[in-house]
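For the single chain, residues carry numbers from 1 onward in sequence order. Heavy atoms only: backbone and side chains are in, while hydrogens, waters and symmetry mates are out.
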Amino acid sequence: MRDLQGIDSLLLKELKLCSAKEYNFLPRETGLNLMESTSPEIHSGVSAKCRDNKVEELWSLTSFFGYRTQTFVQAVNLLDRFLTIMKPKHVPCIGVCCLHIAAKMVEEESNVAPTHELIRISQSRFTVSDLSRMEKIISEKLCVDPNVVTALTFLHLYHSAIASLLAER
């Protein structure tokens with residue numbers, strides 16, 4: 001029989017570690033507030049509606065290519081973090097680029113769609129070189145880390161803890 005105290009202490013240790021790292025991977029709150037509260041006529045950034053449309057597109061592309069949920073979550077995390085620190089002008093390219101970066105970090109190399117195929121399926125009007133340039137910009141501006149801490153990270157931790165506790169019963 002497993003030691004329930006060991007499970008609790010392991011979960012607590014992992015939660016503390018993730019909580020400490022989480023701040024590094026959160027979008028800037030001021031940028032999110034500006035995105036939500038300002039009308040597009042006044043704000044030169046991206047509106048919440050535009051951001052939401054881009055997230056829906058990312059979900060569609062994730063589903064089409066058969067990527068994992070973690071890829072989608074990581075792409076949205078990159079998108080939100082980038083949109084809150086920059087005044088982007090090329091949102092379609094940024095969204096597809098965030099998905100491409102996330103797929104390269106999360107998916108098996110053989111499952112990552114070729115760049116030209118990703119651009120074609122997304123029905124975007126930019127080139128492979130545009131996507132490569134944007135990928136470089138995003139990577140320079142953000143801490144691109146395959147071990148990013150997101151809400152999904154915490155859900156996985158809680159799920160593991162509950163599954164372990166239920167297995168004991």
Side-chain angles (χ1 to χ4, degrees), residues 17-19 21-38 40 43-160:
L17 178 67
C18 288
S19 293
K21 287 175 57 178
E22 180 187 28
Y23 182 78
N24 298 326
F25 302 108
L26 291 175
R28 290 194 180 161
E29 190 172 345
T30 53
L32 289 174
N33 290 338
L34 190 62
M35 189 184 302
E36 291 175 355
S37 64
T38 309
H43 177 47
S44 62
V46 175
S47 70
K49 185 175 182 175
C50 179
R51 179 259 180 211
D52 290 347
N53 289 338
K54 189 53 50 188
V55 169
E56 287 179 25
E57 180 184 320
L58 290 176
W59 179 249
S60 295
L61 290 169
T62 299
S63 298
F64 179 84
F65 287 109
Y67 292 155
R68 293 186 267 175
T69 303
Q70 180 63 32
T71 302
F72 169 73
V73 170
Q74 207 148 353
V76 173
N77 179 271
L78 289 169
L79 177 71
D80 286 343
R81 288 172 40 215
F82 191 75
L83 292 179
T84 59
I85 62 169
M86 301 296 292
K87 292 186 178 180
K89 296 180 181 180
H90 308 289
V91 177
C93 185
I94 292 167
V96 172
C97 186
C98 288
L99 181 63
H100 191 60
I101 292 169
K104 290 195 296 188
M105 288 190 299
V106 175
E107 303 293 330
E108 297 290 327
E109 189 175 335
S110 61
N111 292 340
V112 176
T115 308
H116 67 280
E117 185 72 8
L118 182 61
I119 293 169
R120 185 180 69 76
I121 296 300
S122 69
Q123 300 177 346
S124 300
R125 291 192 168 109
F126 50 86
T127 65
V128 171
S129 63
D130 293 336
L131 191 75
S132 296
R133 276 194 307 276
M134 186 58 71
E135 186 173 344
K136 183 178 179 196
I137 292 167
I138 291 172
S139 296
E140 288 173 357
K141 298 289 181 185
L142 303 178
C143 177
V144 177
D145 183 353
N147 299 315
V148 65
V149 176
T150 63
L152 188 60
T153 307
F154 290 103
L155 287 173
H156 284 304
L157 285 172
Y158 291 129
H159 179 266
S160 296

I'd like to check [X] versus [Y] (side-chain heavy atoms, cut-off strictly below 4.5 Å). Are they in contact?
| X | Y | result |
| --- | --- | --- |
| Val96 | His90 | no |
| Val73 | Thr153 | no |
| Pro92 | Lys54 | yes |
| Thr150 | Gln74 | no |
| Ser60 | Phe64 | no |
| Tyr67 | Val106 | no |

Please report the shortest heavy-atom distance between [X] and [Y], naming the atom on each side.
| X | Y | value |
| --- | --- | --- |
| Leu99 | Ala75 | CA-CB, 3.7 Å |
| Ala102 | Thr71 | CB-O, 3.4 Å |
| Thr84 | Arg81 | OG1-O, 3.0 Å |
| Cys97 | Ile138 | SG-CD1, 3.9 Å |
| Val112 | Ala103 | CG2-O, 3.4 Å |
| Glu107 | Arg68 | OE2-N, 2.7 Å |

Thr62: side chain to side chain donor-acceptor pair (under 3.5 Å) partners, not counting sequence neighbours: none
Taking only Lys NZ, Arg NE, NH1 and NH2, and the carboxylate oxygens of Asp or Glu, determine whether Asp52 and Lys49 approach each other closer than 4.0 Å. no
Quick check on side-chain contact (heavy atoms from CB on, under 4.5 Å): which of Ile119, Leu61, Leu131 does His100 satisfy it with? Leu131
Measuring from atom [atom1] of [X] to atom [atom2] of [Y], what distance do you get when rounded to the nearest 0.5 angstrom?
| X | Y | atom1 | atom2 | result |
| --- | --- | --- | --- | --- |
| Ile137 | Ile94 | CD1 | CD1 | 8.5 Å |
| Leu118 | Phe65 | CG | CZ | 5.0 Å |
| Leu152 | Leu157 | CG | CG | 10.0 Å |
| Ser139 | Met134 | OG | CE | 11.5 Å |
| Leu78 | Lys141 | CG | NZ | 15.0 Å |
| Glu135 | Cys98 | CD | SG | 9.5 Å |

Do the side chain of Asn53 and the main chain of Cys50 share a donor and acceptor less than 3.5 angstrom apart? no
Above 12 or not: heavy atoms from other molecules or residues under 6.0 Å from CD of Glu140? yes
